[in-house]
Protein chains: 2
Amino acid sequence: MGTGVARKISESTVRRLSLYLRFLEEFEEQGTETLSSEELARRGSTTAAQVRKDLSLFGSFGKRGLGYSVRELKSTLRRLLGLDRAWRVALIGAGRIGSALFAYGDFRRRGFTIVTVLDTDPDKIGARWGSVRIQDAEGLEEVLRRESVDIAILAVPVEEAQRVADRVVDAGVQAVLNFAPTQLHVPTEVALRDVSMSMELEALSFALTTGNGTGP
Amino acid sequence: MGTGVARKISESTVRRLSLYLRFLEEFEEQGTETLSSEELARRGSTTAAQVRKDLSLFGSFGKRGLGYSVRELKSTLRRLLGLDRAWRVALIGAGRIGSALFAYGDFRRRGFTIVTVLDTDPDKIGARWGSVRIQDAEGLEEVLRRESVDIAILAVPVEEAQRVADRVVDAGVQAVLNFAPTQLHVPTEVALRDVSMSMELEALSFALTTGNGTGP
DNA sequence: CTAATGTTGTGAACGATTTCACAAGCACGG
DNA sequence: CCGTGCTTGTGAAATCGTTCACAACATTAG
């Protein structure tokens with residue numbers, strides 16, 4: 001029942017909730033109906049206490065002596081993560097990364113629908129990708145408003161990324177997923193994640209160099 | 001001088017070191033020669049104390065009253081992160097994501113060279129991508145050994161990801177960057193990063209749903 | 001109904017990371 | 001050469017996240 005409470009949930013907890021959800025889907029496919037925190041922990045390379053603590057931040061979803069109902073916990077996690085609705089996503093940038101993201105099935109599967117694609121390249125504007133037509137990024141604000149976009153995915157060159165982010169924010173979008181290799185600045189009320197593939201490689205380079213592992 | 005010391009560096013610190021390096025490159029392009037922890041912190045949405053603490057884990061690189069030399073700190077960070085050498089990378093999976101990653105300029109720029117691309121699709125095997133020829137993933141272990149691959153990037157379907165990871169590990173590769181939407185298991189001595197684009201979107205969904213921001 | 005078994009939910013202990021606060025050090029001007 | 005101003009490097013304190021340990025409770029068997 002704690003969903004309405006204003007509590008600060010850590011980034012690690014949110015990541016783990018996503019993971020738990022995936023694992024629950026796996027277990028469901030295998031026909032498992034009930035699951036203990038111990039089993040969930042084993043699948044996710046974490047501890048049973050961690051699983052229970054994460055969940056307890058939001059309420060009490062298990063049955064003592066039994067564990068968790070896979071079906072129920074799955075639907076609870078979907079609700080907690082806000083995945084019980086369809087999010088309207090704009091993809092900005094129709095280059096290589098943009099097109100790979102567009103085709104990425106995992107997004108759709110999880111309720112993220114790319115409702116519009118934008119680019120500045122005249123050769124691309126107007127082209128059809130599946131059921132969407134590439135829009136001119138010139139009219140970005142108008143398009144994002146008209147399409148009631150919730151989340152913008154930025155797959156634009158690094159030089160343009162901050163400028164595009166500013167425009168996206170101006171258009172009232174509250175969440176941005178950035179694939180350009182830079183750290184963007186947005187107002188605090190806008191949610192932002194920078195995905196930096198090079199930084200992931202650099203973390204591996206560091207691990208190889210120092211002999212430190214990367215995992216927990 | 002503390003580079004040889006076996007100290008446990010946190011994931012957050014490593015991520016920030018990568019960020020600092022990028023910022024230093026930006027500042028260098030603008031002709032800045034000297035930088036205070038305060039300025040670096042502002043660019044990276046962190047605090048000056050955090051910057052100094054991060055750096056102090058490895059040694060003492062600044063001048064009191066003056067700040068840091070951009071050139072020197074940049075080269076120090078490159079060395080700390082292991083970017084003062086060329087890493088040999090194998091790209092496994094020549095689908096949409098694989099091809100986007102292959103073309104991703106930021107990797108090359110940072111010393112990661114994709115020396116081989118592998119796939120199982122007979123239509124792709126043998127094709128040239130720039131200067132590399134797509135190899136048959138059948139002979140994965142042999143290719144990775146022959147090419148002295150340091151890091152493997154997995155851009156394969158989720159069903160195959162764990163199996164491919166196992167083979168990559170068998171071939172002696174010590175670091176894996178996984179783009180398949182699953183959490184892989186590898187021996188502790190192998191460095192692994194799972195990049196989950198859907199999980200990033202889910203974090204945004206959570207932020208939008210709860211009103212929590214995502215940033216610090 | 002009672003006992004035995006198993007697993008949750010959670011306060012408390014622990015550990016890690018971040019922030020604070022300030023002495024120490026360097027550059028510059030007078 | 002000394003004082004002023006600025007910035008680092010770093011212990012100490014505060015905060016945040018994880019692990020421990022166990023009472024509370026559900027289920028099942030007898």
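Note that these values count all heavy atoms, side chains included, but never hydrogens, waters or copies made by symmetry.
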**Q** Hey, which sits more toward the 5' end of DNA chain D by its nearest nucleotide, B:Tyr68 or A:Ser10?
**A**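 Going by which nucleotide is closer to the 5' end, it is B:Tyr68.
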**Q** Would you say A:Ile9 and A:Asp54 make side-chain contact, with heavy atoms under 4.5 Å?
**A**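 They are not in side-chain contact.
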**Q** Starting at atom CZ of A:Phe58, determine the distance to atom C1' of C:dG9, rounded to an integer number of angstrom.
**A**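 Spelled out: CZ on A:Phe58 to C1' on C:dG9 is 15 Å.
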**Q** State, yes or no, whether a side-chain contact exists between B:Ile153 and B:Phe107 at a heavy-atom distance under 4.5 Å.
**A**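 Side-chain contact under 4.5 Å: yes.
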**Q** Pair A:Arg43, A:Glu26 - check side chain to side chain contact (heavy atoms under 4.5 Å, CB included), show working.
**A** CA-CA 10 Å; A:Arg43 177 63 183 86; A:Glu26 289 179 16; 2.9 Å; yes
**Q** Calculate the interatomic distance between A:Glu11 atom CD and D:dG17 atom C1'; express it in whole Å.
**A**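 Value for this atom pair: 13 Å.
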**Q** Between A:Lys53 and D:dG17, is there a side-chain N or O to OP1/OP2 distance below 4.0 Å?
**A**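 Answer no for this pair, as no side-chain N or O of A:Lys53 is under 4.0 Å from OP1 or OP2.
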**Q** Taking only side-chain N and O atoms of B:Gln50, does any of them lie within less than 4.0 angstrom of OP1 or OP2 on C:dT19?
**A**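 Checking B:Gln50 against C:dT19: at least one side-chain N or O falls below 4.0 Å of OP1 or OP2.
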**Q** So does A:Ser37 get a side-chain nitrogen or oxygen closer than 4.0 Å to the phosphate oxygens (OP1/OP2) of C:dT8?
**A**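 For C:dT8, OP1/OP2 do have a side-chain N/O of A:Ser37 under 4.0 Å.
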**Q** Any side-chain heavy atom of A:Ile114 within less than 4.5 Å of one from A:Phe112?
**A**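 No, side chains not in contact.
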**Q** In whole Å, I'd like the distance from the CG atom of A:Leu40 to the C1' atom of C:dT7.
**A**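 Result: 14 Å.
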**Q** Grab the CD1-P distance between B:Ile9 and C:dG15 for me, whole Å please.
**A**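 In whole Å, C:dG15 P and B:Ile9 CD1 are 19 Å from each other.
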**Q** I want to check something: taking the side chain as every heavy atom from C-beta on, are B:Ser198 and A:Arg109 in contact at a cut-off of under 4.5 Å?
**A**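 No; the side chains remain at least 4.5 Å from each other.
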**Q** Could you check how far CZ of A:Arg52 sits from P of D:dT19, rounded to whole Å?
**A**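 Roughly 12 Å, once rounded to whole Å.
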**Q** Nearest-Å distance, CG (B:Leu55) to P (D:dT8)?
**A**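 That distance rounds to 10 Å.
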**Q** Nearest to the B:Ser12 side chain among D:dT10, D:dT18, C:dT18, which nucleotide is it?
**A**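 Closest of the options to the side chain of B:Ser12: C:dT18.
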**Q** Charged N to carboxylate O below 4.0 Å: is that the case for B:Arg193 and B:Glu11?
**A**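 A salt bridge is present here (some side-chain N lies under 4.0 Å from a carboxylate O).
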**Q** In whole angstrom, give the distance that lies between atom NZ of A:Lys8 and atom P of C:dT18.
**A**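 From A:Lys8 NZ to C:dT18 P: 12 Å.
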**Q** Could you check how far CD of A:Glu72 sits from C1' of C:dT8, rounded to whole Å?
**A**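 Interatomic distance, CD of A:Glu72 to C1' of C:dT8: 15 Å.
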**Q** With heavy-atom distances below 4.5 Å as the criterion, would you say the side chains of A:Leu17 and A:Leu55 are in contact?
**A**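 Of all side-chain heavy-atom pairs linking A:Leu55 with A:Leu17, at least one is under 4.5 Å.
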**Q** Please write out each protein N/O paired with an N/O of nucleotides 26-30 of chain C under 3.5 Å, distance rounded to 0.1 Å.
**A**
from: C:dC26; atom 1: O4'; to: B:Arg64; atom 2: O; distance (Å): 3.4

